[in-house]
Amino acid sequence: MKAEPLRLTTGDDFPPYTGAELPEGGLASAIVIAAFAWMNQEVALEYRPWKRGYEETKAGQYLATYPYVKSRDRLVDFHFSDPIFQYERILFERRHPNASQWPDTLRGERLCLPVGYEVPSVIEDRVIKGTLILIKPSDMDACFKQLLRNRTDYVLSDRILGQSIASHHFGAAPQQLTMIEPPVSKQSAHLIIAKNQPDAIKIIADFNRALIALRADGTLDHLVALPSEQSSKPVSK
């Protein structure tokens, strides 16, 4: 008798990582599905609002969700896989003759970071000191719109996500943007399974072995490289 597919969930509209309209469901989905396929496990993937999918996975309605970075709160309730890929969180600003440098010289004082995104400690310190004013709209698209309309000085975004939004949502607008090197932080993204799930530890261990195998045969590197190749070239470095 054929086993039932494993129920997974992730959020929609998070290019190039997850999205119902993206090829293979996005980079994160492609990696997760490939790993479960290596485990000979069929999956049924559903796209849910981020907070709802997270809570439903925590409650056991889904086996797993992704991609999530580690935090103290999440580690209480979830087992984390080995890293699926790594985020580089970088500041975007409008092109300017006197470009900002991180962390030494930031010209502006308004920083946009959507609701639900973890605030890096180095950013949080500046917010507490009052040297940065945090603007928190509903999503990353809204942050880039505010940047292009001069309603914020910076957007903190994953490098690939920011390039994707700039190139695919704003046409020629990427010509107006620049990225401030080096990245503010680097964080790994993971598949997570609630600790109350039966066999959670075993499934995580099998998933990790699948990631090792996919890395060894070059599949993982190939999948990770695709969004970078497809992302915007006009956004300067």
Side-chain angles (χ1 to χ4, degrees), residues 5-39 41-59 61-71 74 78-90 113-118 137-144 155-170 186-194 203-204 207-208 210-211 214-215 219-232:
L6 301 177
R7 295 186 70 209
L8 309 181
T9 185
T10 188
D12 198 3
D13 197 24
F14 185 38
Y17 299 107
T18 67
E21 303 301 320
L22 296 176
E24 298 187 70
L27 166 63
S29 296
I31 293 173
V32 167
I33 292 169
F36 277 106
W38 186 91
M39 296 160 57
Q41 292 279 3
E42 187 179 349
V43 300
L45 176 59
E46 296 181 32
Y47 292 92
R48 304 286 283 162
W50 287 100
K51 184 175 181 180
R52 189 178 304 170
Y54 178 89
E55 292 297 333
E56 289 172 344
T57 303
K58 182 177 173 181
Q61 294 176 239
Y62 295 94
L63 172 70
T65 187
Y66 61 89
Y68 281 91
V69 299
K70 290 183 179 180
S71 71
R74 292 169 183 165
F78 290 92
H79 294 295
F80 279 68
S81 73
D82 289 345
I84 301 171
F85 58 87
Q86 189 176 72
Y87 291 112
E88 281 193 344
R89 302 182 77 184
I90 195 163
L113 184 66
V115 172
Y117 281 73
E118 294 287 327
S138 60
D139 57 41
M140 194 62 76
D141 276 19
C143 274
F144 276 90
V155 173
L156 180 62
S157 171
D158 167 70
R159 182 191 297 272
I160 298 175
L161 173 62
Q163 289 178 309
S164 177
I165 291 174
S167 63
H168 297 132
H169 290 247
F170 301 111
K186 295 182 180 181
Q187 294 177 297
S188 56
H190 306 258
L191 176 99
I192 61 175
I193 300 179
I203 296 169
I204 287 287
F207 185 85
N208 289 342
L211 290 178
L214 294 176
R215 187 172 288 110
T219 300
L220 206 57
D221 288 341
H222 172 71
L223 292 173
V224 169
L226 289 178
S228 296
E229 294 169 1
Q230 296 165 0
S231 63
S232 169

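For the numbers below, each heavy atom of this structure counts, side chains included, while hydrogens, waters and symmetry mates do not.
Within the 4.5 Å cutoff, the side chain of Asp12 has no heavy atoms near those of the Glu21 side chain. With a 4.5 Å cut-off on side-chain heavy atoms, Phe36 and Leu8 count as touching. Contact check for Phe144 versus Ser157: side-chain heavy atoms found under the 4.5 Å cut-off. When side chains are defined from C-beta on, Thr18 counts as touching Trp50, because their heavy atoms get closer than 4.5 Å.
Rounding to the nearest 0.5 angstrom, the gap separating the NE2 atom in His79 from the CG atom in Leu191 is 12.0 Å. Annotation: the span from Lys70 atom NZ to Ile192 atom CD1 amounts to 11.5 Å, rounded to 0.5 Å. Atom OG1 of Thr10 sits about 11.0 Å away from atom OH of Tyr62, to the nearest 0.5 Å. Atom-to-atom distance recorded for Leu211:CG and Met39:CE is 9.5 Å, nearest 0.5 angstrom. Remark: Phe14 CZ to Asp158 CG distance equals 6.5 Å, nearest 0.5 Å. To the nearest 0.5 angstrom, Ser29 atom OG is 11.0 Å from Leu223 atom CG.
Side-chain contact, Thr9 with Tyr54: no donor N or O sits under 3.5 Å from an acceptor N or O.
Contact detail for Gln187 and Val69: the closest heavy-atom pair is CB-CG1, 4.0 Å. The shortest non-hydrogen separation linking Ala35 to Phe207 is CB-CE1, 3.4 Å. Closest heavy-atom contact between Ala64 and Ile193: CB-CG1, 3.7 Å. Minimum interatomic distance between Arg89 and Leu113 (heavy atoms only, all atoms of both residues): NH2-CD1, 3.6 Å.
Between Tyr87 and Tyr17, a ring centre-to-centre spacing shorter than 6.0 Å is recorded.
Without hydrogens or angle criteria, His190 side chain to Ser81 main chain gives a donor-acceptor distance under 3.5 Å.
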Handout entry: side-chain contact (heavy atoms from CB on, under 4.5 Å) between Leu22 and Leu27, worked out
Key = CA-CA 9 Å; Leu22 296 176; Leu27 166 63; over 6 Å; no

